[in-house]
Amino acid sequence: MLEKAYDPKPVEAARLASWDAAKLSHSEPRAGGRPYAIVIPPPNVTGALHIGHALNNALQDALIRHQRMMGRESCWVPGTDHGGIATQNVMEKLLKAEKTDRRALGRDAFLERMRSWTRDCKKTILGQLHRLGCALDWEREAFTMDEPRAKAVYHAFKTLWERGLIYRGERLVNWCVRCGTALSDIEVEREERKGALYHIHYPMEGGGEGLVVATTRPITMFGDAAVAVNPKDPRWKHMVGRNVLIPFIDRSIPVIADAYVDFEFGTGALKVTPAHDQNDWEIGERHKLPAIKAVGPEGKLTEAAGPYAGLSREKAHDQVVADLEARGFLRKKEDHKSAVQTCYRCLSVIEPLLSLQWFVKQTELAKAPLKSLDAGEFKIYPRNWEKPYRDWLVNIKDWCVSRQIWWGHRIPVWYKDGEKPLVSQASPGAGWTQDPDVLDTWFSSALWPLAVFGWPEKTADLAYYYPTSTLVTGYEILYLWVARMQMMGLAFEGKVPFADAVIHGIVRDKSGKKMSKSLGNVIDPLLMMDKHGTDALRFALLAQAHPGKDIAFDEQSVVGARNFVNKLWNSTRFVLMNLPEAPPAGGYTLEKLPHGRLETADAWILSRYQATLAKARAALDAYDPAAAAEALYAFLWDEFCAWYIELAKGRLLGADGEGKENARTILVQVLTGSLKALHPVMPFVTEEIYAALKPHAGEAAEFVLKGGYHRLDRDRSDAEVEKQMSRVMSAVAAIRSLRSQLNVPPGLKIKAVAEGPFARDLIGKHRAYAMSLAQLESIEPVNGGRPAQSATAVAEGVTFFIPLAGVIDFEKERERLSKDLAKAESDVAKCAVKLGNLSAAAGVPAEKVAQAQEQHGAALARRDRLKETIAVLS
RNA sequence: GGGCAGUUAGCUCAGCGGUAGAGCAUUGUCCUCACACGACAAGGGUCAUAGGUUCAAAUCCUAUACUGCCCACCA
């Protein structure tokens with residue numbers, strides 16, 4: 001016998017052990033049928049998993065399990081990402097705490113530390129995914145920096161090089177001073193910050209008034225190559241062609257005319273610093289200006305800054321502004337908001353810096369992804385992400401792939417004096433030195449769906465699983481990762497790496513704020529699992545995972561989910577308690593039900609059951625786990641438990657016979673089928689329950705995943721019986737409401753007298769339902785007028801009189817009924833409007849009009865019954 | 001500056017052309033023989049605003065106002 005309350009811990013441990021022992025989630029290529037494959041977005045080896053990972057992986061697991069239940073060979077590849085800058089930053093923090101740094105260690109020792117850290121971290125992360133119940137194919141674990149993946153990276157680099165798509169050049173790149181490396185354009189974030197616009201006077205060379213420029217960053221003036229004005233600007237026309245002097249250092253620069261300059265802005269004169277600003281760089285190109293660095297890679301001012309050389313950007317800024325003011329160069333300072341660029345890894349301000357870097361040409365590579373999007377070979381869910389994705393590809397710029405850090409795939413290019421650079425994985429021989437930089441971590445990530453299956457080798461796995469089916473990820477890496485995988489997959493294999501990309505939202509805190517360590521609002525998924533169980537956490541996340549929407553996460557939702565798990569558990573307990581120890585031969589199967597001789601409740605729950613299964617399945621197919629979870633939750637709790645179980649109790653407690661056997665069969669089958677449908681969302685409790693139910697259900701599958709979903713049987717759908725039941729429910733609800741409002745003690749059975757078109761059915765074939773659910777002592781037809789001293793309950797098609805001598809306060813009763821009447825009147829009015837509309841309009845289907853008429857009739861009847869009753873009371 | 005979402009019950013969110021829904025929270029009654037992680041009942045919304053389309057609009061269209069996100073070279 002099951003325990004009274006579900007205890008997740010022992011169940012989860014035992015289930016995981018049995019799944020592992022059976023290698024349940026392992027997949028091998030097999031003949032026949034297209035497989036379903038997902039590659040995990042590999043978590044960075046920077047620490048532990050957070051709640052966003054829990055959502056991301058619960059989603060994937062639900063899809064993988066769903067497809068397995070549908071009978072498809074399904075493979076979910078696990079793995080981790082070395083995480084380049086992010087991981088190196090973690091290690092550098094550790095080293096700092098040890099009062100050392102990477103340079104003191106040296107490259108080799110540093111990398112050794114990184115590898116050891118990575119080993120531990122991988123273990124932690126994969127252990128957490130395991131604990132979350134992820135049906136990952138553990139034998140396929142991959143790491144972006146392991147041997148096979150390194151081979152893939154090399155091969156990709158070499159191929160791109162040979163195709164002329166990789167080049168090295170000195171360009172203006174986004175430089176993170178803190179991380180000490182270049183970043184690609186999409187690794188830069190923007191943040192609006194308050195600052196100032198400084199109007200600085202540049203004197204004319206050889207004396208004269210000169211002009212005033214406006215800038216937000218005075219320190220870049222030491223790198224100025226010119227001052228530009230708009231050729232149409234009359235104020236400055238006379239200055240073009242003359243020279244001005246940079247304050248403090250007195251370097252002479254020309255005044256040039258360039259249409260880029262907006263004469264509405266600032267003073268209409270723009271200082272041009274090609275080495276520190278993209279636009280200025282372009283102006284410099286047009287006018288053949290020198291690019292002079294004012295700030296170096298460490299964030300300190302260079303020799304070009306004369307007296308300020310060596311100062312940090314921040315110190316220099318303050319000093320320069322103060323000096324400009326003291327010397328009278330500062331003509332004006334106004335408040336100004338500007339978007340500063342920040343490093344996505346450490347949030348420090350980006351310095352646009354001229355440096356020698358490796359680039360991948362993108363325009364050519366972006367064509368195939370655009371084509372596959374247009375052809376519908378690749379879809380993004382929800383579809384509204386396709387537009388930004390397309391726009392990004394259309395406006396794509398070359399990708400800076402070199403990083404000046406140590407942790408990563410070292411660029412496989414070797415140099416030797418007097419020789420052309422060589423691309424090689426190993427050293428070409430003595431005298432050759434390898435490029436010191438490593439590749440952007442997203443370079444290896446871009447190859448992930450290929451590399452995990454052994455590419456560039458033509459493996460059987462690659463042939464079978466590639467292209468994969470679905471990729472599940474957050475919108476923050478749509479360009480960074482999704483687009484690049486599409487580019488690489490198409491470039492190397494000519495096929496999209498995955499047909500569908502499912503974009504989910506971010507898990508935020510309960511007030512909708514982004515979780516962050518500094519705000520202290522992070523939710524630890526492990527803690528949630530410890531407190532409430534893994535199934536509860538998964539359900540809570542998935543039930544809120546509406547396509548593409550962020551989740552405002554409140555621990556309360558996990559508690560609610562935990563309650564649902566318990567409800568499921570206890571309903572199983574109830575069913576098992578009402579079954580004989582030994583199930584009948586072959587178990588309780590739906591095939592054994594007598595056709596055409598089912599009770600209303602039986603036919604009703606089967607009808608609802610089929611509808612629910614269909615809905616849940618369709619929702620998962622449409623990547624909408626929330627809809628699936630909600631449908632199953634509502635069905636199991638509000639229909640199966642609240643009504644069907646209650647309706648079946650009479651038969652279960654009564655004498656043996658067909659009715660009892662039917663009830664048992666339906667309880668067993670509906671519960672078993674529902675928990676299977678729920679399995680993708682809550683694998684543990686459903687597996688546990690399945691183990692207890694399967695002998696009774698006549699099933700022998702070792703695991704839920706092996707057995708597959710129950711068959712959908714649309715013949716069980718029965719609109720007529722659903723209507724009958726809704727009337728029974730309405731009748732019961734009316735009496736319950738009356739009891740509650742009149743404070744009739746719950747245990748006290750009362751007599752009821754019924755009249756109306758539905759009264760005969762209720763007193764006849766639905767008698768037992770009404771009696772037990774409404775706690776009635778008896779139910780009889782009205783025989784000559786309503787009983788004296790009775791309260792009235794009006795339901796759909798039936799009116800009850802409940803004799804309650806001495807209990808009724810007529811004043812209160814009238815009040816109560818008046819409230820009902822008001823509601824009924826408003827219903828009548830609404831129905832009348834609708835009916836009037838429909839009858840007046842042309843081209844409305846007769847069916848719709850009939851339906852409206854029926855609704856109107858029912859509302860009228862109810863209203864009239866209430867009116868009569870109140871009249872009698874007065 | 002461009003684009004995309006969102007604005008529905010106290011909170012978090014479904015619904016997206018035919019009488020306003022869920023979970024949580026609130027109130028009342030009940031430890032009723034599966035479940036107090038429960039049962040039953042109750043209260044609570046002019047569906048952001050203004051126009052329009054329609055027999056009918058929370059739902060479609062057009063503006064407006066906020067909110068959030070993405071993209072973008074205004075110093």
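By convention in this document, chain letters (A, B, ...) are assigned in the order of the sequence lines, proteins followed by strands, and residues within each chain are numbered from 1.
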Quiz item: Can you find a side chain N or O atom of Lys830(A) that sits less than 4.0 Å from OP1 or OP2 on A20(B)?
Solution: yes

Quiz item: According to a strict under-4.0 Å criterion, is Ser737(A) in side-chain N/O contact with OP1 or OP2 of A42(B)?
Solution: yes

Practice problem: Could you check Phe265(A) against Val732(A) and say which one's nearest nucleotide on RNA chain B is further toward the 5' end? | Solution: Val732(A)

Practice problem: Could you pick out which residue, Ala840(A) or Lys834(A), lies toward the 5' side of RNA chain B when each is mapped onto its nearest nucleotide? | Solution: Lys834(A)

Classify the nucleic acid contact of [X] as base, sugar-phosphate or nothing, counting any heavy atom under 4.0 Å across all strands shown.
X         : answer
Val261(A) : base
Lys271(A) : nothing
Asp554(A) : nothing
Gln556(A) : sugar-phosphate
His532(A) : nothing

Can you confirm whether or not the ring centre of [X] sits under 6.0 Å from the ring centre of [Y]?
X         : Y         : result
Trp637(A) : Tyr633(A) : yes
His199(A) : Phe329(A) : no
Tyr198(A) : His317(A) : yes

Taking only the [atom1] atom of each, what is the distance from [N] to [M] in whole angstrom?
N      : M      : atom1 : result
C47(B) : G15(B) : C1'   : 11 Å
G18(B) : A75(B) : P     : 49 Å
U19(B) : G45(B) : C1'   : 15 Å
G2(B)  : A72(B) : P     : 16 Å
G44(B) : U54(B) : C1'   : 32 Å
A63(B) : C70(B) : C1'   : 24 Å
U12(B) : U26(B) : C1'   : 16 Å
A14(B) : A48(B) : P     : 14 Å

When the distance from [atom1] of [X] to [atom2] of [N] is rounded to whole Å, what number comes out?
X         : N      : atom1 : atom2 : value
Asn384(A) : C71(B) : CG    : C1'   : 15 Å
His276(A) : A75(B) : NE2   : P     : 17 Å
Lys333(A) : A75(B) : NZ    : P     : 17 Å
Glu264(A) : G1(B)  : CD    : P     : 14 Å
Phe574(A) : C33(B) : CZ    : P     : 12 Å
Ile283(A) : C74(B) : CD1   : C1'   : 11 Å
Asp280(A) : A75(B) : CG    : P     : 11 Å
Glu815(A) : A42(B) : CD    : P     : 16 Å

Partners of [X] by salt bridge (charged side-chain N to carboxylate O under 4.0 Å, His left out), sequence neighbours excluded?
X         : value
Arg863(A) : Glu825(A)
Asp258(A) : Arg286(A)
Glu555(A) : Lys531(A)

Could you check which of [options] has an atom nearest any side-chain atom of [X]?
X         : options                : value
Lys387(A) : C55(B), A75(B), G3(B)  : G3(B)
Pro746(A) : C55(B), G43(B), U29(B) : U29(B)
Tyr475(A) : C69(B), A72(B), G18(B) : C69(B)

Exercise. Would you please classify the geometry between the Tyr644(A) ring and the Phe640(A) ring as parallel, tilted or perpendicular, with 30° and 60° separating the classes?
Key: parallel

Practice problem: Just say parallel, tilted or perpendicular for the rings of Trp392(A) and Tyr479(A), cut-offs at 30° and 60°. | Solution: parallel

Exercise. Return yes if a side-chain donor-acceptor contact under 3.5 Å exists between Lys271(A) and Thr220(A), otherwise no.
Key: yes

Quiz item: So, Asn395(A) and Asp391(A): side-chain donor and acceptor under 3.5 Å apart, yes or no?
Solution: no

Self-check item: Heavy-atom side-chain proximity of Ile551(A) to Leu55(A) below 4.5 angstrom
Solution: yes

Quiz item: Can a salt bridge be assigned to the pair Lys723(A) and Glu796(A) using a cut-off of 4.0 Å between side-chain N and carboxylate O?
Solution: no

Practice problem: To the nearest 0.5 Å, tell me how far Leu742(A) CG sits from Ile802(A) CD1. | Solution: 9.5 Å

Write out a two-atom table: protein N or O, nucleotide N or O from nucleotides 35-39 of chain B, distance below 3.5 Å.
residue: C35(B); atom: O4'; partner: Asn570(A); partner atom: OD1; Å: 3.1
residue: C35(B); atom: O2'; partner: Asn566(A); partner atom: OD1; Å: 3.3
residue: C35(B); atom: O2; partner: Lys567(A); partner atom: NZ; Å: 3.0
residue: C35(B); atom: N3; partner: Lys567(A); partner atom: NZ; Å: 2.8
residue: C37(B); atom: O4'; partner: Arg562(A); partner atom: NH2; Å: 3.4
residue: C37(B); atom: O4'; partner: Asn563(A); partner atom: OD1; Å: 2.8
residue: C37(B); atom: O2'; partner: Asn566(A); partner atom: OD1; Å: 3.2
residue: C37(B); atom: O2; partner: Arg562(A); partner atom: NE; Å: 3.1
residue: G38(B); atom: OP1; partner: Asn563(A); partner atom: ND2; Å: 3.3
residue: G38(B); atom: O3'; partner: Lys567(A); partner atom: NZ; Å: 3.2
residue: A39(B); atom: OP1; partner: Lys567(A); partner atom: NZ; Å: 3.0
residue: A39(B); atom: OP1; partner: Trp637(A); partner atom: NE1; Å: 2.6

Please write out the pairs of protein N or O atoms and N or O atoms of nucleotides 13-16 of chain B separated by less than 3.5 Å, giving the distance to one decimal.
residue: A14(B); atom: OP1; partner: Lys549(A); partner atom: NZ; Å: 2.6

Self-check item: Contiguous pairing runs of three or more, Watson-Crick or G-U under 3.5 Å, that involve RNA chain B
Solution: B:1-7 with B:65-71, B:10-13 with B:21-24, B:26-30 with B:38-42, B:48-52 with B:60-64

Practice problem: Check whether any side-chain N or O of Glu187(A) sits under 3.5 Å from a backbone N or O of Ser184(A) as a donor-acceptor pair, and report yes or no. | Solution: yes

